[in-house]
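It should be emphasised that the depicted structure is a prediction, and the values quoted were computed from it without experimental measurement.
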Amino acid sequence: MPEDFREVYRLHALEGRSYEEVSARLRIPKATVGTRLIRARRKLRDLLVPPAAQVAAPALA
């Protein structure tokens, strides 16, 4: 996973920091935090869920 996505995910999901805190710490707009978090979650899902399971269970997307 790209470093920018990983850092946002780590700060928000693992350390429990708010979008505002992540935004201030990384010096990026709050909207960018949200976008990177969404993309990080998608990348994680793609890494963890086999492609056949994604097709069989579209409700997980």
Side-chain angles (χ1 to χ4, degrees):
M1 178 182 319
E3 181 62 30
D4 357 343
F5 298 168
R6 185 179 356 194
E7 187 69 7
V8 168
Y9 185 83
R10 182 182 62 79
L11 290 170
H12 179 70
L14 302 179
E15 294 186 12
R17 300 189 189 276
S18 69
Y19 278 36
E20 290 82 9
E21 291 172 317
V22 175
S23 172
R25 182 157 181 186
L26 299 179
R27 297 180 183 170
I28 58 176
K30 193 168 93 170
T32 302
V33 171
T35 300
R36 289 183 182 176
L37 190 56
I38 289 168
R39 291 178 181 171
R41 288 177 179 150
R42 285 182 188 155
K43 292 232 180 244
L44 273 175
R45 183 193 64 211
D46 292 345
L47 290 169
L48 297 173
V49 179
Q54 289 179 14
V55 172
L60 295 177

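- Both Met1 and Leu14 sit in one connected hydrophobic cluster of ILVMFWY residues. Membership requires side-chain heavy atoms under 4.5 Å apart, directly or through other members.
- Residues Pro2 and Arg36 fail the side-chain proximity criterion, which asks for heavy atoms closer than 4.5 Å.
- Here the side chains of Leu11 and Glu21 are not in contact, with every heavy-atom distance at 4.5 Å or above.
- In this structure, Val8 and Val33 approach most closely via the heavy-atom pair CG1-O, 3.6 Å.
- Shown here are the ring-ring contact (aromatic ring centres under 6.0 Å, His included) partners of Phe5, two or more places apart in sequence or in another chain: there are none.
- The salt bridge (Lys or Arg N to Asp or Glu O under 4.0 Å) test applied to Lys30 returns Glu20, not counting sequence neighbours.
- Every residue meeting the side chain to side chain contact (heavy atoms under 4.5 Å, CB included) condition with Thr35, not counting sequence neighbours, appears here in chain and number order: Arg39.
- Other residues, nucleotides and ligands place more than 12 heavy atoms under 6.0 Å from the CZ atom of Arg6.
- Of all non-hydrogen atoms in Pro29 and Ser23, the two that sit nearest each other are C-OG, 3.7 Å.
- Residue Ile38 holds its CD1 atom at 14.0 Å from NZ of Lys43, rounded to the nearest 0.5 Å.
- Evaluation of the salt bridge (Lys or Arg N to Asp or Glu O under 4.0 Å) rule for Arg10 yields Glu7, Glu15 as partners, not counting sequence neighbours.
- Within the structure, ring pair (Phe, Tyr, Trp, His ring centres under 6.0 Å) contacts touching residues 11-40 (residues at least two apart or in different chains) are His12-Tyr19.
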